[in-house]
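Scroll down for the structure; my scribbles are underneath it.
A quick note: this is a predicted structure, and the numbers were derived from the prediction, not measured.
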Amino acid sequence: AEIIENRDENTGGHIQRTAKYVEIIARQLQEQGMYKKILTNDYINDMKVAAPLHDIGKIHVSDLILNKPGKLEPEEFEIMKTHAAEGKKLLLDAKEYLGDFNYLDIAVDMAGSHHEWWNGSSRGYPDHKKGTEIPLCARIMAVADVFDALTSKRCYRDAMVLDKAYSIIREERGTHFDEVIVDAFFAAKEKIEEALDTFSKE
């Protein structure tokens, strides 16, 4: 995962930050008594291990697209979007060789579904899943992934101010994102900001 991230000049530290945000959101949901049958301590620990693998499919995307200093053309974006399905395939292949591990099952779900939209919008990919068809771990990663993308500097834009990033997350509650996940994200806002501040200093 780190080797792939090192190819992408836009996402330095992305895998560490998203893993931390995923953990914070999951712990908040756990504290609220949500998804009790899924969000055990073992499951959350496995999510932390799996989270850095969510973009592993980018190994199949050209450096020219990964590091383009500007907006992608439609055909380039279609190629970028293939990383979700390719990541799922890579991790399923890994399971064939390594055997069954809980973190790999979670990684498969995260990689394959973290770009799906809660309302089933055609903007989601690769399978246009909807609602609880999208695995819980992927719904959590979706919020963590977008928040990190918004608050991180890219070669083609500066990091967005927190208030603007929060506004976008709120606006996409119930469309892009599961409402319950967004509510947990904002309930844990203080911890999210502490983590962001720590990563910024590093």
Ring-plane angle category for F77 and Y125, please: parallel below 30°, perpendicular beyond 60°, tilted otherwise.
perpendicular

Parallel, tilted or perpendicular: ring planes of H176 versus W117, cut at 30 and 60 degrees:
parallel

Applying a strict under-4.5 Å side-chain criterion to I, L, V, M, F, W and Y, I'd like to know whether Y103 and I140 cluster together.
no

Regarding R17 and S152, do their side chains bring together a donor and an acceptor under 3.5 Å, going by distance alone?
yes

Take atom CZ of R123 as the centre, draw a 6.0 Å sphere, and report whether it contains more than 12 heavy atoms from other residues, nucleotides or ligands.
no

A107 and A50 have their tightest heavy-atom pair at N-CB, 3.6 Å

Counting heavy atoms not belonging to K20, are there more than 12 under 6.0 Å from its NZ?
no

side-chain contact (heavy atoms from CB on, under 4.5 Å) assessment of D55 paired with H114:
CA-CA 9 Å; D55 276 340; H114 71 283; 3.2 Å; yes

Determine whether V146 and F186 fall in the same hydrophobic cluster, where Ile, Leu, Val, Met, Phe, Trp and Tyr are linked whenever their side-chain heavy atoms lie under 4.5 Å apart.
yes

Please tell me whether V143 and I38 are part of a single hydrophobic cluster in this structure, the criterion being side-chain heavy atoms less than 4.5 Å apart.
yes

Any pair with a residue in residues 98-117 that passes salt bridge (charged side-chain N to carboxylate O under 4.0 Å, His left out), sequence neighbours left out, goes on the list, sorted by first then second residue, please.
K95-D100, K95-D105

Tell me, do F177 and I181 make a side-chain contact under 4.5 Å, heavy atoms counted?
no

Side-chain contact test, heavy atoms from C-beta onward, threshold under 4.5 Å: evaluate it for F199 versus T151 and give yes or no.
no

What distance do L39 atom CG and K37 atom NZ have between them, rounded to the nearest 0.5 Å?
13.0 Å

Taking atom types as modelled, find out whether N41 and Q30 have a side-chain donor-acceptor pair closer than 3.5 angstrom.
yes

Who passes side-chain hydrogen bond (donor to acceptor under 3.5 Å, both in side chains) against E133, sequence neighbours left out?
none

Got S167 and E171 here, is their nearest side-chain heavy-atom distance under 4.5 Å?
yes

Any chain of hydrophobic side-chain contacts (each under 4.5 Å) joining I169 to L136?
yes

Give me each pair satisfying side-chain hydrogen bond (donor to acceptor under 3.5 Å, both in side chains) with a member in residues 180-192, each pair once, sequence neighbours excluded.
R173-D183

If you count the non-hydrogen atoms of other residues, nucleotides and ligands that lie under 6.0 Å from CD1 in I168, is the total more than 12?
yes

Any heavy-atom pair between the side chains of F147 and I192 that's under 4.5 Å?
yes

F185 vs Y21, ring pair (Phe, Tyr, Trp, His ring centres under 6.0 Å): CA-CA, chis, key distance, verdict:
CA-CA 9 Å; F185 171 83; Y21 300 148; 7.7 Å; no

Under a single-linkage definition using a 4.5 Å side-chain heavy-atom cutoff for Ile, Leu, Val, Met, Phe, Trp and Tyr, are L92 and I134 assigned to the same hydrophobic cluster?
no

Would you please say whether a donor-acceptor pair under 3.5 Å links the side chains of T82 and E78?
no

From E86 atom CD to H60 atom NE2, the distance as rounded to the nearest 0.5 Å
4.5 Å

Looking at every non-hydrogen atom in both residues, tell me the closest pair between A165 and M160 and how far apart they are.
N-SD, 3.8 Å

Spatial distance of atom CG (N102) from atom CG (N45) [nearest 0.5 Å]
11.0 Å

What closest approach, in Å, do A188 and Q28 show between heavy atoms, and which atom pair accounts for it?
CB-OE1, 3.8 Å

Quick one: closest heavy-atom pair of A138 and M110, and the distance?
CB-CA, 4.2 Å

Heavy atoms only: give me the nearest L90-G57 pair and the separation to one decimal.
CD1-CA, 4.4 Å

Using only heavy-atom distances, determine whether the side chains of H115 and H54 contain a donor-acceptor pair under 3.5 Å.
no

Below 4.5 Å, heavy atoms only, C-beta onward: do H14 and D145 meet side chain to side chain?
yes

Heavy-atom distance under 4.5 Å between the side chains of V180 and Q32, does that happen here?
no

So L196 and S200, side-chain contact (heavy atoms from CB on, under 4.5 Å) or not? Walk me through it.
CA-CA 6 Å; L196 178 59; S200 296; 4.2 Å; yes

Using 0.5 Å steps for rounding, measure from the CE atom of M141 to the CD1 atom of I25.
9.0 Å

Tell me the closest heavy-atom pair linking A195 and I24, and the distance in Å.
CB-CD1, 4.0 Å

Working to the nearest 0.5 Å, report the span between OG of S113 and NZ of K129.
3.5 Å

Examine the side chains of W118 and E172 and answer whether a donor and an acceptor come within less than 3.5 Å of each other.
no

Starting from the C-alpha separation in whole Å, work towards a yes-or-no answer on side-chain contact (heavy atoms from CB on, under 4.5 Å) for E76 and I79.
CA-CA 5 Å; E76 293 171 326; I79 294 170; 5.6 Å; no

So, do M80 and L72 sit near enough that their side-chain heavy atoms are less than 4.5 Å apart?
yes

Paired with I106, the side-chain contact (heavy atoms from CB on, under 4.5 Å) test is passed by just one of L53, L91, I44, D46, namely D46

